[in-house]
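A, B, ... follow the sequence lines: proteins, then strands. Residue 1 opens every chain. Computed from a predicted model, the values in this text were never measured in an experiment.
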There are 2 protein chains.
Amino acid sequence: MVAQPELDFAVSTAQQVYRWLREEILRGNLIPGARLSESEISGRIGVSRQPVREAFIRLAADGLAEIRPQRGTYISRISVSAVMCARFIREAVESDLSRKVAARADAEMVRRFEAEIAAQRRALSREDAVEFVNLDDRFHRLLAVEAGEDAVWSVLEGLKSQMNRLRHITVKAFDAHKLIDQHEAIVDALRAGDADAAEAAMRRHLCEVLHDLPEIQKRAPDLFCP
Amino acid sequence: MVAQPELDFAVSTAQQVYRWLREEILRGNLIPGARLSESEISGRIGVSRQPVREAFIRLAADGLAEIRPQRGTYISRISVSAVMCARFIREAVESDLSRKVAARADAEMVRRFEAEIAAQRRALSREDAVEFVNLDDRFHRLLAVEAGEDAVWSVLEGLKSQMNRLRHITVKAFDAHKLIDQHEAIVDALRAGDADAAEAAMRRHLCEVLHDLPEIQKRAPDLFCP
DNA sequence: GCCTCCCGACTGGTATGGAAGTATGCATTC
DNA sequence: GAATGCATACTTCCATACCAGTCGGGAGGC
């Protein structure tokens, strides 16, 4: 981690440090287990320890960092059980969202989903993995929006971010082709207005990490809690 | 708010102030829209402003408080859309949990659920509303535990807390008899090992707030965002 | 060699003062 | 009387200083 953020004095320092660190963690530039030092960071970006400290507190609330009193602050390692938990919740929620969207799908809405999939294929052909992860977020977000449950996404986003950390870190490990095909299967069901099929396709899609996880865990064991 | 917490010097001050304030908010002793002051609170419990400030930050991360820069910190008002969102997620997740529990229910497990319901009836007969809300938490928590998804509860807890604020504030507004009967219907389905029935009973149970919410909103409009 | 103890260099936690922004009441002006 | 300007008393935010707990290394004793 050599980069440092450019400070904008319009918003509070603590807020900016928080956003910057969060971004660095989610992108995998700060790897699980790495140590964060209040004084080191504050010294580097030229502010006092206090705002940095407050950023740490917010990261800890997000589950992205772990503050060990009088000992140090560390990027939290990925907990397998937390990932499984996030997956379970996503499967439950997004399958319900799929049903709801399938029930109200129209031609215009289907076009919006198709546009997203087209964008995913373009990103894949450019082998732009970071962009693909962003587009994957957008696809799942669109599902919440079209279900008329925008607010649900903000909760899912927090859960999904834990899973995305895995992807950014081991960016080549997942098969984007397969994921896009699964997205397509979901959209097919939406187009047909078939709620059962949409739910089934979504559940199948969200089982995917169950396949990837052991592989990733074997390849990079120290990213995970013991 | 006249009470004040007793400080235990084993855990950090900030942590204790956070827990204390959180409890006060969830119990409805601090009502939505009320103002929080760093200096007022710190002066009252005899600590410096810093730990109080850090507690505020954590409350804001939970969505329980709102920090308006240079203006003040306020107990956040309840957002109807946030409650609806929490309800949606709970319905999706807990109906899946119900299915899973129904599939693996045995006599011993059913006894544990029955014991919870008995406790609920006792609390009701004592008209102990606070205890009843606690027991309601425990019932839904037990469901997650028996499904083997303990970690899911911690996410649900955050969502449920927003809904519980409503109950503590307008504590007489809900019909505990009806809720217990619905709990019983869920346990009946678990006893029968009938996943479909368990899911249906849970969904019906979690639709309950849809009935209560407009009534509560009409009765206490300034607890809600405009 | 091995263990124990102690010292120093860290860590996060707390206290406090001051800077900057905001709301409010009052005097002044039109 | 209505509107404007201003002093003042707040607020959060940041910087600084100090405290206490933790960890690691080296000296000394066995």
[X] [atom1] - [N] [atom2] separation (whole Å):
X       : N      : atom1 : atom2 : value
A:Tyr74 : D:dT22 : OH    : P     : 13 Å
A:Glu54 : C:dG13 : CD    : P     : 12 Å
B:Phe56 : D:dC13 : CZ    : C1'   : 14 Å
B:Gln50 : D:dC18 : CD    : P     : 17 Å
A:Ile57 : D:dC14 : CD1   : P     : 13 Å
A:Gln15 : D:dC14 : CD    : C1'   : 15 Å
B:Glu38 : C:dG21 : CD    : C1'   : 14 Å
B:Leu59 : D:dT12 : CG    : C1'   : 16 Å

Legend entry - base_contact_polar (C:dG21 base, B:Arg68 side chain, donor-acceptor, <3.5 Å):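 In this structure, the two groups form no donor-acceptor pair.
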
Phosphate contact ([N] OP1 or OP2) by [X] side-chain N/O below 4.0 Å:
X       : N      : value
B:Thr13 : C:dG13 : no
B:Arg53 : D:dC13 : yes
A:Ser37 : C:dT11 : yes
A:Arg71 : C:dT11 : no
A:Ser12 : D:dT12 : no
A:Thr73 : C:dT11 : no

State plainly whether the residues [X] and [Y] are in salt-bridge range, i.e. N to O under 4.0 Å.
X        : Y        : value
A:Arg53  : B:Glu54  : yes
B:Glu40  : B:Arg44  : yes
B:Arg111 : B:Glu108 : yes

Legend entry - Qualifying residue, where the test is salt bridge (charged side-chain N to carboxylate O under 4.0 Å, His left out) with B:Glu208 and the options are B:Lys178, B:Arg90, B:Arg87: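 Of all the options given, the one that passes is B:Lys178.
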
Which of the following nucleotides, [options], is nearest to the side chain of [X]?
X       : options                : result
A:Arg35 : D:dT12, C:dT11, C:dG12 : C:dT11
A:Arg49 : C:dA15, C:dG13, D:dT12 : C:dG13
B:Ile67 : D:dC13, C:dT14, D:dT22 : D:dC13
A:Ser48 : D:dC23, D:dA15, C:dG13 : D:dA15
B:Gln70 : C:dA15, D:dC13, C:dA23 : D:dC13

Inset, instruction - Describe, in one word, how the ring planes of A:Phe139 and A:His183 are oriented to each other, choosing from parallel (under 30°), tilted (30 to 60°) and perpendicular (over 60°). - result: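 The rings of A:Phe139 and A:His183 lie parallel, inter-plane angle below 30°.
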
